[in-house]
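The block underneath contains the structure these notes are about, expressed in structure tokens.
So that the names make sense, note that chain A is the first sequence line, chain B the second, and so on, each numbered from 1. The figures here come from the full heavy-atom set of this structure, side chains too, leaving out hydrogens, waters and symmetry mates.
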Amino acid sequence: MSLVATRFAPSPTGPLHIGGVRTALFNWLFSKNNKGKFYLRIEDTDKERSKDEYKNQIIQSLKWIGIQHDDKEYIQSQNINKHKEVANELLKKGFAYKCYCSEDEIKEQKEKAKKKGLPFVYNRKWRDSKNLEIPKNVDPVTRFKSKMSGNNLIKDLVQGNVNISNSIIEDFIILRKDRSPTYQLSSVVDDHLMNITHVIRGDDHKINTFKQKQIYEAMNWKMPEFAHIPLIHSESGSKLSKRDKASTINDYIKLGIISDALRNYLLRLGWSHQDKEIFTLDESIKLFNLKGVGKSPSKLDMTRILSLNEHYIKHIDEKELFKLLKIYCKDFKKSIDNPKGHTLIKSMKFLKNKAKTLEDIYQNAQYILNNYLQISPEDLKLLDDPSINILKDFLNQYEKTSIISKESLEKIINGLIDKHKTNFKGVGQPLRIALTGSRFGPGIYDIILSLDKNETIKRLKLV
RNA sequence: GGUCCCAUCGUCUAACGGUUAGGACAGGUGGUUUUCAAUCACCUAAUCGGGGUUCGAUUCCCCGUGGGACCGCCA
């Protein structure tokens, strides 16, 4: 048995889609599960729309989520000559022919078909006609001679047996009028050249398999196995489009989703292993298989992503979490300087408990990151005279305390509760407002312990 | 319109033809709590409809219904 090799073959015509990420993930997991190779192939043969910027973005995105491709990425456009050679071979062997129909002619046929409510199949005008006069002003396209009768069966690793009538497959184009190869051709040639053993791709490619299979047969090449995975739908149930708010991987990164969480979410979308919900990277490699892939499309669920993200935020190492936060702030907020960073590391322990996203942590850390606090009018009202007196008393004792610990603070606060005949809230609330600018936030001990002593004093004196 | 695919709680999904149809997320109720959270306990909630096959159908078959994909000189 040959070494398993899979590939992810995006076209760099836009930022990487969340569905694409899952396809890449499944390919990668499948190959690693089989101790095989995973390749990245950039299908940039559409020169009009392909952009280097997108290519880089795709590579970055895959890297972000932890998918490493073997070898260097394969750039399809660099292999165009090989694709053309194959087209010529097919032509020579009689598996393909030149079609001199003008684009207008084809357009007309399509409109006719549409009017009659029939599916469009090219009428194969040039398929066998040697006696037609070749027009001088038309650059021909090259079409593949698709089978016209009988049935064709694909044994799909996810979909099972799929059977269609050959008559619905038209003589598809393999070389455009400018002689550049189309996807159907390039994809097959490259998969063959790269020794791809398993093609795992979106459901939307299923029909292409019937076209591509015929090229394999004509060239007498070994067919890879195919697995067509159902597509991901938006929350409303329709096809995921670029217009959806969160459709690209960057949208999620911006939201403060961490890679482990998104990876785990995508893994479980359309795939399952018993009742297991949380998978480490190693576990997912060890357990992934195509049998666990379902056949029905699944909807994106933001609350689930958030909940998984919350889980990972709580469970990953705090230093690691801080690193992620730092990168996040640098990319989407503002960079964290060293002294603040130092305070933040100490505070991750409680900051993370309130957070579903890195953005949440960032928000919760505002009282540390900002030098000046903005107290909302509503909170300001809570700082009445008795409260101010409590704060003054607290400041007084706090300044005199040499060792600041939870115990010493407890002592002070309990003393104040007695003295001012109030409860914990009576002391805690004004303190929280004075120190963080808000009556909501982390525990009061956590706040005081996280802030530098001078900073605490400064803030208390300001009110 | 044609071809193909799919169908279990709101969502992601589990269940060799025999289960009180399970888990997770979301939602709800209560406990805990200095706030917001978090946390713990409990609860609600599904086999699309109709026919078969079978002692027995979520599971197999057929028909309907609903959803989706494809129908580019895009990939």
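Comparing B:C43 with B:G22, their P atoms sit 12 Å apart, to the nearest whole Å. A gap of 38 Å separates the C1' atoms of B:G68 and B:U29, to the nearest Å. When the C1' atom is compared between B:U59 and B:U54, the two are found 13 Å apart, to the nearest whole Å. Comparing B:U19 with B:A24, their P atoms sit 22 Å apart, to the nearest whole Å. The P atoms of B:A46 and B:A21 are separated by 12 Å, rounded to the nearest whole Å. Distance noted for atom P between B:G31 and B:U35: 14 Å (whole Å). Look at the P atom in both B:U3 and B:C63: the space between them is 13 Å, to the nearest Å. Only the C1' atoms considered, B:A38 is 10 Å distant from B:U33, to the nearest whole Å.
Between the base of B:G23 and the side chain of A:Gln274 there is no donor-acceptor pair shorter than 3.5 Å.
In this structure, the nucleotide among B:G23, B:C25, B:A14 sitting nearest to the side chain of A:Ser272 is B:A14. For A:Val162, taking side-chain heavy atoms from C-beta onward, the closest of the listed nucleotides B:C5, B:U13, B:C25 is B:C5. The side chain of A:Ser296 sits closest to B:A7 out of B:A7, B:C12, B:C4.
Evaluation of the ring pair (Phe, Tyr, Trp, His ring centres under 6.0 Å) rule for A:Phe322 yields no partner, not counting sequence neighbours. Considering only residues two or more places apart in sequence or on other chains, A:Phe8 meets the ring pair (Phe, Tyr, Trp, His ring centres under 6.0 Å) condition with none of them.
Atoms CD1 and CZ, from A:Ile200 and A:Arg22 in turn, are 11.5 Å apart once rounded to the nearest 0.5 Å.
Taking the six-membered ring where the residue is Trp, A:Phe144 and A:Phe172 present parallel rings, their angle staying beneath 30° rather than reaching 60°.
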Extract from the structure each pairing of a protein N or O with an N or O of nucleotides 30-35 of chain B at less than 3.5 Å, listing the distance.
| unit_1 | atom_1 | unit_2 | atom_2 | d |
| --- | --- | --- | --- | --- |
| B:U34 | O2 | A:Arg432 | NH2 | 3.1 |
| B:U35 | O2 | A:Arg439 | O | 3.1 |
| B:U35 | O2 | A:Gly441 | N | 3.1 |
| B:U35 | N3 | A:Arg432 | NH2 | 3.0 |
| B:U35 | N3 | A:Gly441 | O | 2.8 |
| B:U35 | O4 | A:Arg432 | NH2 | 3.3 |
| B:U35 | O4 | A:Gly443 | N | 3.4 |

Just the atom pairs and distances: protein N or O near nucleotides 72-75 of chain B's N or O, under 3.5 Å.
| unit_1 | atom_1 | unit_2 | atom_2 | d |
| --- | --- | --- | --- | --- |
| B:C73 | O3' | A:Arg176 | NE | 3.1 |
| B:C73 | O2 | A:Lys177 | N | 3.1 |
| B:C74 | OP2 | A:Arg176 | NE | 2.4 |
| B:C74 | O3' | A:Arg176 | NH2 | 3.4 |
| B:C74 | O2' | A:Asp46 | OD2 | 2.9 |
| B:C74 | O2' | A:Arg49 | NH2 | 3.0 |
| B:C74 | O2 | A:Arg49 | NH2 | 3.4 |
| B:A75 | OP1 | A:Thr45 | OG1 | 3.0 |
| B:A75 | OP1 | A:Arg176 | NH2 | 2.4 |
| B:A75 | OP2 | A:Arg176 | NH2 | 3.0 |
| B:A75 | OP2 | A:Tyr183 | N | 3.2 |
| B:A75 | O3' | A:Glu43 | OE1 | 2.6 |
| B:A75 | N1 | A:Asn208 | ND2 | 3.4 |

Protein and nucleotides 60-67 of chain B: nitrogen or oxygen contacts under 3.5 angstrom:
none

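Checked for salt-bridge contact, A:Arg41 and A:Asp191 meet the test: a charged N lies under 4.0 Å from a carboxylate O.
Taking atom NZ of A:Lys155 as the reference point, atom C1' of B:C5 lies 19 Å away to the nearest angstrom. At whole-Å resolution of the value, CG in A:Asn364 and C1' in B:A38 are 12 Å apart.
Geometrically, A:Arg7 does not engage A:Tyr74 in a cation-pi contact defined by less than 6.0 Å to the ring centre and at most 45° from the axis.
Closest of all the heavy-atom pairs between A:Ile278 and A:Glu283 is O-OE1, 3.6 Å.
Between A:Lys206 and B:C4, a side-chain N or O to OP1/OP2 separation shorter than 4.0 Å is absent.
Note on A:Glu310: only backbone sugar-phosphate atoms sit closer than 4.0 angstrom, heavy atoms only; bases stay farther off. Residue A:Lys314 is classed as a sugar-phosphate contact, given heavy-atom separations below 4.0 Å to backbone atoms only.
Screening residues 51-61 of chain A for side-chain hydrogen bond (donor to acceptor under 3.5 Å, both in side chains) gives A:Gln57-A:Asn250 as the qualifying pairs, with residues at least two apart or on separate chains.
The pairing partner recorded for B:G64 is B:C48, the criterion being a Watson-Crick or G-U wobble arrangement whose two distances lie under 3.5 angstrom.
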